[in-house]
Amino acid sequence: MTAYPTNHDIAEVFSAIADLMEILDEDRFRVQAYRRAGDVIRHLPAPLATYRARGELEQIPGVGKAIAEKIGELLDTGELPYYNRLREKVPPGVRELLRVPGIGPRTAGRLYRELGITSLAELKVAAEAGRLAALKGFGAKTIDSILQGISAAERQERRMLLAHAIDSAEALINALRAAVPALSQAAYAGSLRRGRPTVGDLDILAAADDAPAVVRAFTMLPLVARVESAGDEKASILLHNGMQADLIAVPPGMWGSALQHFTGSKAHNIHFRELALAQGLSFSEHGFRRADGTLLTCATEEEVYAAIGLPWIPPELREDEGEFEAARAGTLPCLVELSDIRADLHLHSTWSDGRADIRTMAEAARTRGYSHIAITDHSAYMGMTHGLDAERLRAQRQEIAALNAEYAARGIPFRILHGVEVDITPEGNLALPDDVLAELDIVVASAHIQLRQSPEAATERLIRAVRNPHVDIIGHPVGRMLGSRDGAPVDIDALAYAAAEHRVLLEVNSGPHRLDLDGAAVRRALASGAVITINSDAHHPDNLAWMRFGVVTARRGWAGAAQVANTWSDEALQEWLSRR
DNA sequence: GCCGTTTTCGGCCCGACTGTTTTCAGTCG
């Protein structure tokens with residue numbers, strides 16, 4: 001473990017504990033407790049060290065006295081004796097057997113105890129040598145499916161980006177609609193509908209009077225490479241592009257309950273069903289089962305939530321992180337919508353590393369109905385070969401002024417703000433002098449290099465930038481790249497307090513690899529009084545469409561339109577910035 | 001191990017699908 005155990009590191013320990021306990025067949029509710037703690041910690045907006053410093057560890061849902069103590073041990077020593085004792089009972093390699101689809105904790109435990117298998121490689125050898133057949137209950141089909149599962153696990157199937165998942169899901173739905181004209185409704189659900197930054201598999205829901213026929217048609221689509229399982233209402237398939245997709249088909253009258261069930265999250269559904277049970281209703285994807293055995297079906301999600309006395313909850317909020325309490329109290333937020341967006345305040349052009357000139361980018365923005373944009377090319381700094389210095393910024397200013405004059409002359413209500421994306425050095429200085437920044441309409445300050453800093457250094461770096469009187473936006477604040485690097489361990493609360501005090505906007509960068517800030521951080525930042533801006537960071541006119549991913553991310557952070565500066569008019573933005 | 005509009009003790013969501021079974025356990029979402 002690194003010098004600063006990240007939330008991710010610690011979450012991984014608790015997930016591993018849950019897996020090992022489950023393999024050892026320990027109490028399933030204790031297993032569940034560790035698993036939940038791992039999941040919650042993995043998505044926390046601030047470093048665990050920050051929670052502990054404030055004595056707030058036990059306020060984290062799913063973290064009680066015992067787990068809080070273990071977090072403390074991990075933060076202080078990077079070690080956890082309890083975890084080490086488990087690893088002595090079950091070699092860590094046994095855990096990787098769980099990655100094989102179809103192998104769960106019971107099977108993994110038996111493979112270890114009865115055959116001494118302690119890794120994927122050993123499992124493969126044993127399966128190919130026919131040694132698995134010696135186990136009671138292991139028939140030819142089971143062994144065959146394990147062999148297939150091993151190759152799937154070996155392919156290291158990664159979670160896919162939200163943007164790619166949406167493309168595939170929409171293609172799949174279109175294909176299904178074409179194959180089944182009688183389809184009354186079809187939609188994607190799951191983590192994709194909740195807008196998570198990455199998605200493990202596609203969950204497709206379809207409604208038709210003859211549901212089994214829809215399942216059959218689904219499994220026969222040309223996009224399908226292999227059928228994993230198929231019944232009367234569900235099927236699981238592998239697409240040629242490597243993605244896995246699940247379908248649920250229901251009669252139209254059950255659309256609401258099925259959509260709710262299949263959208264999740266798991267934690268949200270468990271909480272929902274507990275609330276239903278408290279009212280004498282047992283809920284499943286088929287509807288509500290009353291105490292007398294009768295079934296209450298729901299054609300819409302609104303009916304599902306209404307049945308237990310709640311308003312409809314937007315999918316982006318369904319993580320069991322307070323949405324039920326807010327729904328009951330009538331305080332659910334009115335979330336920002338893509339149609340609220342009037343500006344994009346972080347765009348590049350061929351003046352630095354963009355692929356289109358300023359006019360092209362501006363016209364793309366006008367096509368989207370925006371009223372203003374900011375052109376924010378890179379400052380000259382280490383590694384940025386085409387970055388702008390003071391002289392080129394002045395030349396760029398003239399080009400933008402000419403374009404604005406042209407729009408005004410043609411009576412077009414559209415304005416281009418002249419900005420820059422200036423680098424924040426590791427110490428928190430800016431790569432351009434103050435007098436140059438003072439000439440610009442708007443300044444985005446971003447860190448691009450040396451992101452592996454201590455929590456203190458990473459936070460101080462950004463806060464120093466916030467305190468610069470010319471900085472208006474902190475771009476992609478933590479600097480994560482999905483699938484390749486974690487973000488800097490920034491204390492979001494501290495950053496947001498400073499941003500609120502100095503009237504600096506925190507960015508939700510909509511780039512499919514970034515989505516930074518993420519939803520949890522947005523929520524935390526808004527709670528601290530900060531205002532955000534959702535920007536595409538487009539380097540090509542097509543990239544302006546990324547805005548939808550940023551909006552979904554902000555919605556996951558409970559953001560309303562008023563808290564998003566690029567939903568404001570140009571005049572309102574100017575007034576807000578000028579009052580710094 | 002966590003948690004509280006039934007509870008500080010006694011609960012902890014629900015059902016489809018599969019394979020190998022004569023009635024069900026394991027896995028998955």
Side-chain angles (χ1 to χ4, degrees), chain A residues 14 17-18 21-23 25-38 40 57-71 82 97-111 132-133 135-146 149 189-192 199-205 211-212 215 219 227-236 244-250 254 257-258 260-289 295 308-309 320 324-325 328-329:
Chain A
F14 288 121
I17 288 173
M21 287 174 72
E22 206 169 13
I23 289 168
D25 197 21
E26 295 195 24
D27 179 77
R28 64 192 177 101
F29 298 111
R30 289 184 62 217
V31 170
Q32 188 183 69
Y34 279 105
R35 197 174 301 293
R36 172 153 191 245
V40 168
L57 278 181
E58 290 187 45
Q59 287 171 30
I60 299 169
V63 175
K65 192 161 180 290
I67 289 181
E69 275 177 18
K70 291 185 171 67
I71 292 171
Y82 178 73
L97 303 181
L98 300 179
R99 286 174 33 219
V100 177
I103 293 186
R106 317 303 297 249
T107 310
R110 288 191 59 201
L111 288 168
L132 298 190
L135 291 185
K136 186 169 163 46
F138 277 60
K141 283 189 170 178
T142 300
I143 292 170
D144 190 52
S145 103
I146 285 178
S191 52
L192 184 53
V199 174
D201 60 11
L202 307 177
D203 297 310
I204 309 293
L205 183 64
V215 177
T219 59
V227 179
E228 307 278 5
S229 72
D232 280 345
E233 58 184 59
K234 291 182 182 174
S236 181
Q244 186 182 313
D246 296 331
L247 175 81
I248 288 190
V250 294
M254 290 183 178
S257 51
Q260 199 282 340
H261 164 75
F262 222 17
T263 296
S265 66
K266 185 171 184 170
H268 177 89
N269 283 359
I270 289 174
H271 195 153
F272 180 87
R273 289 167 187 201
E274 285 170 352
L275 292 176
L277 270 185
Q279 300 184 26
L281 295 167
S282 171
F283 182 73
S284 77
E285 59 263 51
H286 302 137
F288 294 92
R289 182 78 59 184
L295 189 69
I308 63 165
D320 193 22
F324 288 109
E325 292 76 5
R328 194 183 308 126

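Numbers restart at 1 for each chain; the letters A, B, ... are given by sequence-line order, proteins then strands.
No side-chain heavy atom of D203(A) sits less than 4.5 Å from a side-chain heavy atom of L192(A). Between E58(A) and I67(A), every side-chain heavy-atom pair lies at or beyond the 4.5 Å cut-off.
Counting only distance, with no hydrogens or angles, the side chain of R289(A) and the backbone of S284(A) share no donor-acceptor pair below 3.5 Å. The closest donor-acceptor contact from the side chain of N269(A) to the backbone of H261(A) lies under 3.5 Å. The backbone N or O of A235(A) lies less than 3.5 Å from no partner atom in the side chain of S229(A), so there is not a single donor-acceptor pair. Side-chain N or O atoms of E228(A) include none that pairs as donor or acceptor with a backbone N or O of S236(A) at under 3.5 Å.
Read 5' to 3', the first and last nucleotides of DNA chain B with an atom closer than 4.0 Å to a heavy atom of chain A are dG1(B) to dG29(B).
Comparing the C1' positions of dC13(B) and dC28(B) gives an interatomic distance of 14 Å, to the nearest angstrom. For the C1' atoms, the distance linking dT7(B) with dG11(B) amounts to 9 Å, nearest Å. Spacing of P atoms, dA25(B) relative to dT21(B), comes out at 14 Å, to the nearest Å. Using C1' as the reference atom, dT8(B) and dG1(B) are 14 Å apart when rounded to the nearest Å. Using atom P as the reference point in both dT20(B) and dG26(B), the two lie 15 Å apart (nearest Å). Nucleotides dC17(B) and dC12(B), compared at atom P, are 26 Å apart to the nearest Å. Separating the P atom of dT6(B) from that of dC2(B) is a span of 23 Å, rounded to the nearest Å.
A heavy atom lying under 4.0 Å from DNA chain B marks the following residues of residues 268-278 of chain A, by number: I270(A), R273(A), E274(A), L277(A), A278(A). Within a heavy-atom distance below 4.0 Å of DNA chain B, the residues of residues 28-35 of chain A found are F29(A), R30(A), A33(A), Y34(A).
Among the atoms of the strands shown, only primed sugar atoms or phosphate atoms (P, OP1, OP2) are found under 4.0 Å from some heavy atom of T107(A). The residue A140(A) sits close only to the backbone: its heavy atoms come under 4.0 Å of sugar-phosphate atoms, none of a base. Here K141(A) lies in heavy-atom contact (under 4.0 Å) with sugar-phosphate atoms only. Backbone-only contact: S282(A) has heavy atoms under 4.0 Å from sugar-phosphate atoms and none from a base.
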* **CA sep, side-chain torsions, deciding dist, call: V40(A), V63(A), side-chain contact (heavy atoms from CB on, under 4.5 Å)** => CA-CA 9 Å; V40(A) 168; V63(A) 175; 5.5 Å; no
* To do: List the steps and the verdict of side-chain contact (heavy atoms from CB on, under 4.5 Å) for K266(A) and R36(A).
  => CA-CA 11 Å; K266(A) 185 171 184 170; R36(A) 172 153 191 245; over 6 Å; no
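Judged as a ring-ring contact (aromatic ring centres under 6.0 Å, His included), and not counting sequence neighbours, the contacts of F272(A) are F283(A), Y305(A). For R328(A), the salt bridge (Lys or Arg N to Asp or Glu O under 4.0 Å) criterion is met by no residue, not counting sequence neighbours. Remark: H271(A) pairs with F324(A) by the ring-ring contact (aromatic ring centres under 6.0 Å, His included) rule, at least two apart or across chains.
Rounding to the nearest 0.5 Å gives a distance of 6.0 Å between CG of L135(A) and CG of L111(A).
The residue among S145(A) and R36(A) whose nearest nucleotide of DNA chain B is located toward the 5' end is R36(A). Two residues, L281(A) and R106(A), neighbour DNA chain B, and the one matched to the more 5' nucleotide by heavy-atom proximity is L281(A).
Base pairing of dT8(B) is not made with any nucleotide, judged by Watson-Crick or G-U wobble geometry with both donor-acceptor distances under 3.5 Å.
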